[in-house]
Amino acid sequence: MFDTLSDRLAATFKNLRGKGRLSEADIDATAREIRIALLEADVALPVVRAFIKQVKERAAGSEVSQALNPAQQVIKIVNEELIGILGGETRRLRFSKQPPTVIMLAGLQGAGKTTLAGKLGLWLEGQGHSPLLVACDLQRPNAVNQLSVVAERAGVAVYAPEPGNGVGDPVKVARDSIEYAKSKQFDVVIVDTAGRLGIDQELMQQAADIRDAVSPDEVLFVVDAMIGQDAVNTAEAFRDGVGFDGVVLSKLDGDARGGAALSIAHVTGRQIMFASNGEKLDEFDAFHPDRMASRILGMGDMLSLIEKAEQTFSQEEAAKMASKLASSKGKDFTLDDFLAQMEQVRKMGSISKLLGMLPGMGQIKDQINNIDEKDVDRTAAIIKSMTPAERQDPTIINGSRRARVAKGSGVEVSAVKGLVERFFEARKMMSKMAQGGGMPGMPGMPGMGGGPGRQKKQVKQAKGKRKSGNPMKRKADEQAAAERREQAAAQGGAFGLPAGEPGKDFELPDEFKKFMG
């Protein structure tokens, strides 16, 4: 979503690099480029003005003029100001001291509230809570049925006493759900309300009545990140009509320019709390302004990547794999282990999204977007088509075995051969790293490994003249060498000194005598 903005900002900062000192003209040109980048990204004009004013004031101050690297200092300022307009610090959910905690979802029709209710329920369950979804959208056709299906997929409970489709009182359903949650020991109630097609006064009043009936601890305004400038107007109308405590951005995986996301927190004064970045129920997480700013500026998001890894990989399993790689040159690491690791990485989400979280990956964005996610499935199919013995020891896979595996997994024979070869290379590299040897083939840098082995080879190759394998020729060479040694002994000692007693009758040349005085 923020690709265009990221590219424009990267190009702007590139022009600053290499300058030892920034003039006022440089700062003005940079500010102008940033302004254009933000406006093209559909950020609200008041937000752009406030942002550029802050950046220019700070860039003209002493923190840049006295910096060793002014360009990096300007990037730091832009990063901090981006964090500011995205809401500053991460805003957490407020939980009620006396359960259940009531969370009410509000927003326009089509913003993705019902799906988001399921995502939030699944996320809360992962945090150790027992959520209950409440169907209070009794206007839209099949809204109650949709919430029930989403709840079932998420594995959370749903309260839907009314059929919907225009039948039932949503305020009564909301009120009754609190008593139901208390009786069934649910500690969080998520109320899904009806969406509006615009600023509908009747439905706005209905949302206010539900709010008054259940006294929610959090009112979350769900906004479609692709909606553009109208998102800001809608958010302001909701803030004034119903009131809300936090914002949830849906459809962050879209290709719109995303300016609404950058504007909404600054304009409404309410922070973005969650972001939904995909269609799957687990593609949802807490919103961190600092991490989002880092991703926009192409610095990656290592913290989110680490958190995903911690949720997916167990420390015990990781230690087990590491010990297999470290022992006997990694030969204990089999294709079964390789498959298990691959499936765990797949659980973390889309490969291209994971790579996008790494710093500097913005430069190869096109290659990342072109990654075929089904390659992982094809690799898994090849490994699963092998026998247990072949997975344990891939060296036994000969031509006929390759043909059988290829037929079983529906791929070409060359794909099976390529996979086995890549596995051996990867195992060799990972084993080297696990043993603390660094990356194989790298020059001998401190702490990197890879150097000593190559140096030994060079020393071995640098040894004296090799002897001939022909016995007659070798004997002739040895006799010639013996004759040369005898001749040298007769003429003089080593280094051209006269033979006999070392140093006797030896005089320095006249030039050296003059030099020595």
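Side-chain atoms are counted along with the backbone in the values below, which use heavy atoms only and exclude waters and symmetry mates.
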Any non-hydrogen side-chain atom of Leu38 less than 4.5 Å from a side-chain atom of Phe51? yes

Q. Stepwise, does the side chain to side chain contact (heavy atoms under 4.5 Å, CB included) test hold for Asp224 with Leu249?
A. CA-CA 6 Å; Asp224 183 342; Leu249 289 177; over 6 Å; no

Would you check if Ile178 and Val134 make a side-chain contact, meaning some heavy-atom pair closer than 4.5 Å? no

Evaluate the side-chain proximity of Glu80 to Arg58: yes if any heavy-atom separation is below 4.5 Å, no if none is.
-> yes

Just by modelled atom types, is the Tyr180 backbone N or O under 3.5 Å from a matching donor or acceptor in the Ser183 side chain?
-> yes

Hits for ring-ring contact (aromatic ring centres under 6.0 Å, His included) against Phe186, two or more places apart or cross-chain, chain-then-number order -> none

To the nearest 0.5 Å, atom NZ of Lys384 lies from atom CD1 of Ile382 at 12.5 Å

Result for side-chain contact (heavy atoms from CB on, under 4.5 Å) between Val405 and one of Ile383, Val411, Val416 points to Val416

Side chains of Val248 and Phe221: does their closest heavy-atom pair fall under 4.5 Å?
no

In this structure, CD1 of Ile210 is separated from OG of Ser215 (nearest 0.5 Å) by 13.0 Å

Distance col, row Asp336:CG vs Glu390:CD, nearest 0.5 angstrom, shows 11.5 Å

Checklist entry - Does the side chain of Asp245 reach to within under 4.5 Å of the side chain of Arg94, using non-hydrogen atoms? => result yes

Practice task
Could you walk me through whether Thr90 and His288 pass side chain to side chain contact (heavy atoms under 4.5 Å, CB included), step by step?
Solution key: CA-CA 5 Å; Thr90 304; His288 303 279; 3.0 Å; yes

Taking every heavy atom of Pro170 against every heavy atom of Gly168, the minimum-distance pair comes out as CD-O, 3.5 Å

Minimal heavy-atom distance between Cys136 and Val191, with the atoms involved, is SG-CG1, 3.6 Å

task = Before accepting this row, confirm whether a basic side-chain N of the pair Arg32/Asp28 lies closer than 4.0 Å to the acidic partner's carboxylate O.
result = no

Do the side-chain N and O atoms of Asp187 and Ser130 include a donor-acceptor pair separated by under 3.5 angstrom? yes

Contacts satisfying salt bridge (Lys or Arg N to Asp or Glu O under 4.0 Å) that involve residues 146-162 (not counting sequence neighbours) are none

So OG of Ser250 and NZ of Lys119: to nearest 0.5 Å the spacing works out to 8.0 Å

Exercise. Decide yes or no for Val188 and Ile103: does some side-chain heavy atom of the first lie under 4.5 Å from some side-chain heavy atom of the second?
Key: yes

Exercise. Where does the angle between the aromatic ring planes of Trp123 and Phe274 fall among parallel (under 30°), tilted (30 to 60°) and perpendicular (over 60°)?
Worked result: perpendicular

All heavy atoms of Pro216 vs all of Arg211, minimum pair found to be CD-O, 3.2 Å

Residues 126-143 vs salt bridge (Lys or Arg N to Asp or Glu O under 4.0 Å), sequence neighbours excluded, gives Asp137-Arg140

Test your reading of the model: is there a side-chain donor-acceptor pair from Arg175 to the backbone of Val214, 3.5 Å cut-off?
no

For Gln139 and Gln206, what are the C-alpha separation, side-chain angles and deciding distance, and is it a side chain to side chain contact (heavy atoms under 4.5 Å, CB included)?
-> CA-CA 11 Å; Gln139 310 288 329; Gln206 185 191 97; 3.2 Å; yes

Nearest heavy-atom approach of Ser177 to Leu132 is O-CD2, 4.2 Å

Any side-chain heavy atom of Ile272 within less than 4.5 Å of one from Arg91?
no

Rounded to the nearest 0.5 Å, the CZ atom of Arg404 sits from the OG atom of Ser385 at a distance of 8.0 Å

Note: Ala154 and Gly118 closest approach over all heavy atoms is CB-O, 3.7 Å

Checklist entry - Sub-3.5 Å donor-acceptor pair from the side chain of Glu57 to the main-chain atoms of Gln54, do we have one? => result no

Hey, mind stepping through Met104 and Thr193 against side chain to side chain contact (heavy atoms under 4.5 Å, CB included) and telling me if it holds? CA-CA 7 Å; Met104 176 178 158; Thr193 63; 4.0 Å; yes

| message | Quick check: do Tyr159 and Val173 have side-chain heavy atoms less than 4.5 Å from each other? | response | yes

All heavy atoms of Asp217 vs all of Ser96, minimum pair found to be OD1-CB, 3.5 Å

Rounding to 0.5 Å, atoms CD1 (Ile190) and NE2 (His129) come to a distance of 10.5 Å

Open item on the list: Between Thr114 and Asp192, do the side chains contain a donor N or O and an acceptor N or O under 3.5 Å apart?
Closed with: yes

